[in-house]
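Proteins get letters first, then strands, A, B, ... in listed order; numbering begins at 1 in each.
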Amino acid sequence: MVLLDIDYITRGEKAVIRLFGREKNDADENSIIVLDDGFQPYIYVVPHDLEQCHEQIKELDVLKVERVEMKDLARKKDFIKVTFNHPQDVPKLRDKIRDLTSVKDIREHDIPFYRRYLIDKGLFPMAEVEVEGKTATHQEINEISNDCLANIFELEGEIRPISSDFPNLNVLSLDIEVYNPKGMPKSEEDPIIMISLSSNQGLQKVLSTAESPLDFVETVDSEAEMLRRFVEIVQEENPDLLIGYNSDNFDFPYIKDRAELLNIPLNLGTDGSQLKFIKKGFANAALVKGRVHVDLYLIMRRYLQLDRYTLERVYLELFDQEKQDIPGDEIHRYWSEGGDKLETLFKYSLDDAVTVTEIGEKMLPLTLELTRIVGQPFFDVARMTTGQLVEWYLIRKAYEQGEVVPNKPSASQYSNRRGKRAAGGYVKDPVKGLHENIVYFDFRSLYPSIIISKNVSPDTLVAECDEDKCHISPERGYMFLKEPAGFVPSIIGNILNERVRLKTMMKESQDEDEKKFLNVQQEALKRLANSMYGVYGYSRFRWYRLECADAITAWGRDYIKKTMVKAEDFGFKPVYADTDGFYAVYQQ
DNA sequence: GTGAACCGGGG
DNA sequence: GTGTACGGTTCAC
């Protein structure tokens with residue numbers, strides 16, 4: 001099956017992982033939920049005194065205490081692995097453990113249970129997994145609602161990844177219109193007047209309480225009926241992906257508020273569960289179990305560099321076409337006036353949903369690919385910053401290499417780090433004037449290349465070293481061991497090698513679809529490699545190391561300046577430079 | 001210069 | 001949910 005999403009429920013005292021999936025390439029197939037009760041949460045403890053630590057922790061209400069050897073920034077160390085009965089025991093007991101006299105520190109104590117599961121089992125969402133041995137189970141004992149539409153199974157054997165093609169996904173986009181004559185919509189008073197839906201399976205529909213001769217309009221008696229019908233259509237279409245534009249913070253919260261007011265259940269999940277919200281900092285994330293809700297607004301902010309991110313602006317950028325728009329404060333007039341105006345409103349409303357589908361088809365493949373590389377749920381990856389993406393990729397790699405993951409910075413460490421910044425790239429202010437015979441030079445992936453060639457990594461950074469055994473950064477004089485390959489450099493190396501392999505395959509391929517798919521994959525790897533530099537310089541990150549960030553930019557400045565000097569020897573006069581490239585004028 | 005306040009998208 | 005949190009710009013002093 002294709003693994004769409006994952007979470008866990010509690011059955012009795014036990015945590016049970018739920019894997020949400022669907023048979024591959026079969027949009028009509030029922031949804032599947034596989035339950036696995038055979039996985040337990042754990043953390044690592046750094047002991048002052050191994051024996052005493054072992055004894056003290058054993059006294060607590062934990063499942064297992066064992067001594068393990070793991071690497072900590074490449075150095076082998078003894079840790080104590082503490083396994084818990086339930087994920088919620090971790091926050092309950094970790095402070096107690098940290099405060100024990102025999103304990104120096106605790107590690108990997110803040111990794112969500114479902115993420116731990118994906119990493120430890122080697123599973124990748126949005127890719128195919130093989131479920132070896134499963135038996136049908138009853139929903140009553142699994143706290144799953146009567147409205148559950150999925151087939152539920154209990155995992156008997158193993159679950160493992162199998163390489164697969166890009167999954168065929170059933171996508172449904174939505175957009176709502178609200179009657180708001182008095183400024184921004186208020187869900188306590190302003191009703192939803194239209195719900196527009198567009199799928200990649202051919203559905204185009206606007207639900208509304210108004211009548212229209214337009215064939216895509218389905219008229220219902222009331223707003224309550226409109227919401228009921230919306231739920232019904234989602235269940236019928238059974239999409240893998242639900243997409244919207246700013247739907248995390250507008251459409252879904254609004255639908256939820258109105259549904260509550262009108263007492264309509266929003267059982268949109270494949271398990272029959274209600275629409276939920278997760279607080280994500282200042283913002284919401286709307287969660288529909290078993291389907292992946294993606295808010296394209298966030299994705300566009302990540303991939304496009306624009307002044308504004310309205311749907312119209314984004315559409316113009318991606319398709320080079322103007323999209324007509326009715327200003328928000330005029331919608332109520334179009335609605336009240338009826339006739340041609342109402343017809344226009346219907347058309348624009350549907351067009352917004354169709355546009356979201358189009359933008360999704362164009363832009364989601366890259367995020368899907370990143371999901372399949374980073375190995376965290378698509379829902380999460382679609383809401384992660386590039387820095388978080390890199391961090392979770394590294395956490396998985398750390399597991400594979402037997403490395404214990406560094407802790408997130410404490411509040412004081414964070415504020416301490418925030419004050420400092422690595423020096424930036426070299427910038428030469430442009431020489432004013434109109435230049436002719438301009439040539440441009442730039443380094444391909446300058447920072448990733450420096451990290452690899454100079455082995456810049458927290459585990460290779462040393463205070464003292466023989467000159468022939470280490471790389472010494474210009475200006476700052478930071479020292480990095482030449483051998484062995486550091487944790488981060490080796491990972492970037494693998495990413496770039498894999499990218500070269502994909503690009504070669506792309507050139508050799510005759511199949512246009514395959515070419516496109518390989519291209520998205522290599523783009524995803526490029527993004528990841530280019531973001532790696534950030535983990536050293538961003539204060540919130542586990543692998544933060546100012547010395548590494550500082551050394552990389554120092555080498556970068558050194559390379560670009562040396563190259564400019566060389567270019568001048570050949571008669572190229574640089575007129576402008578920035579970080580990894582420069583413009584020059586050729587003079588005879 | 002510093003820290004608090006504000007803002008994004010959506011109708 | 002192994003909760004707890006963005007980043008950039010403008011404003012007020």
Side-chain angles (χ1 to χ4, degrees), chain A residues 7-10 15 39-44 82-95 97-98 106-117 119 174-187 189-196 244-255 258 276-287 295-302 306-314 325-335 345 348-349 352 356 380 383-388 395 405 407-408 410-411 414-415 418-419 538-540:
Chain A
D7 70 358
Y8 82 89
I9 53 167
T10 302
F39 188 68
Q40 282 82 37
Y42 61 88
I43 68 168
Y44 293 107
V82 183
T83 306
F84 297 81
N85 294 299
H86 192 278
Q88 286 173 1
D89 292 345
V90 178
K92 270 187 218 155
L93 293 172
R94 67 180 168 202
D95 293 331
I97 294 175
R98 188 170 21 212
I106 55 171
R107 302 278 286 271
E108 304 201 5
H109 55 82
D110 53 2
I111 295 177
F113 189 54
Y114 66 94
R115 295 196 176 180
R116 179 87 274 171
Y117 184 89
I119 293 167
L174 73 144
D175 178 53
I176 66 167
E177 310 300 331
V178 171
Y179 181 77
N180 57 313
K182 294 182 281 186
M184 280 307 288
K186 287 196 199 68
S187 59
E189 41 194 76
D190 301 327
I192 297 171
I193 52 176
M194 296 179 186
I195 299 178
S196 298
Y245 201 79
N246 204 22
S247 40
D248 267 345
N249 291 296
F250 182 72
D251 299 69
F252 274 124
Y254 210 94
I255 287 172
R258 295 304 296 177
K276 285 190 184 63
F277 291 91
I278 297 174
K279 278 260 172 289
K280 281 229 157 192
F282 66 110
N284 275 324
L287 182 73
D295 185 342
L296 283 182
Y297 166 62
L298 300 160
I299 309 269
M300 295 307 102
R301 300 234 338 194
R302 187 127 358 110
L306 301 173
D307 46 350
R308 289 153 20 91
Y309 293 89
T310 60
L311 193 55
E312 290 71 37
R313 181 68 191 85
V314 165
D325 180 43
I326 300 175
D329 54 5
E330 287 176 31
I331 285 173
H332 69 276
R333 290 203 279 109
Y334 278 70
W335 171 258
L345 182 59
Y348 282 9
S349 181
D352 275 359
V356 167
D380 295 6
R383 289 166 180 79
M384 279 181 190
T385 63
T386 45
Q388 290 168 319
I395 289 172
V405 172
N407 284 337
K408 279 196 272 194
S410 65
Y414 174 61
S415 61
R418 277 201 68 160
Y538 300 152
S539 5
R540 287 189 323 282

Counting the atoms with a prime plus P, OP1 and OP2 as sugar-phosphate, which does [X] contact under 4.0 Å by heavy atoms, base, sugar-phosphate, or nothing?
| X | answer |
| --- | --- |
| A/T310 | sugar-phosphate |
| A/Y42 | base |
| A/Y309 | sugar-phosphate |

Closest non-hydrogen atoms of A/V178 and A/P185, given as atom of the first, atom of the second and distance, are CG1-CB, 3.7 Å
Q | Interatomic distance at P, B/dG11 relative to C/dG8, whole Å | A |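 It works out to 27 Å between them.
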Self-check item: Distance, P atom - from C/dC6 to C/dG1, rounded to whole angstrom
Solution: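 Result for the P pair: 15 Å, nearest Å.
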Students should find that the nucleotides of DNA chain C closing off the region near chain A, any atom under 4.0 angstrom from a heavy atom, are C/dG1 to C/dG7
Pair A/D307 + A/R313: basic N to acidic O under 4.0 Å |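 So A/D307 pairs with A/R313 through a salt bridge.
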What's the [atom1]-[atom2] distance between [X] and [N], to the nearest Å?
| X | N | atom1 | atom2 | result |
| --- | --- | --- | --- | --- |
| A/D248 | B/dG8 | CG | P | 17 Å |
| A/I192 | B/dG11 | CD1 | P | 12 Å |
| A/I193 | B/dG10 | CD1 | C1' | 14 Å |
| A/E189 | B/dG11 | CD | P | 18 Å |
| A/R313 | B/dG8 | CZ | P | 17 Å |
| A/L311 | B/dG8 | CG | C1' | 15 Å |
| A/D175 | B/dG9 | CG | C1' | 12 Å |
| A/N249 | B/dC7 | CG | C1' | 13 Å |

Which word best sums up how the rings of A/Y42 and A/F39 line up, parallel for under 30°, tilted for 30 to 60°, or perpendicular for over 60°? perpendicular
A/T83 side chain to A/Q40 side chain, donor-acceptor N/O pair below 3.5 angstrom
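No pair is found: no donor N or O on one side chain lies under 3.5 Å from an acceptor on the other.
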Whether the A/Y348 and A/D175 side chains hold a donor-acceptor pair (N or O, under 3.5 Å, no angle test) is what I'd like checked.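 No, because no side-chain N or O of A/Y348 sits under 3.5 Å from a partner of the opposite role on A/D175.
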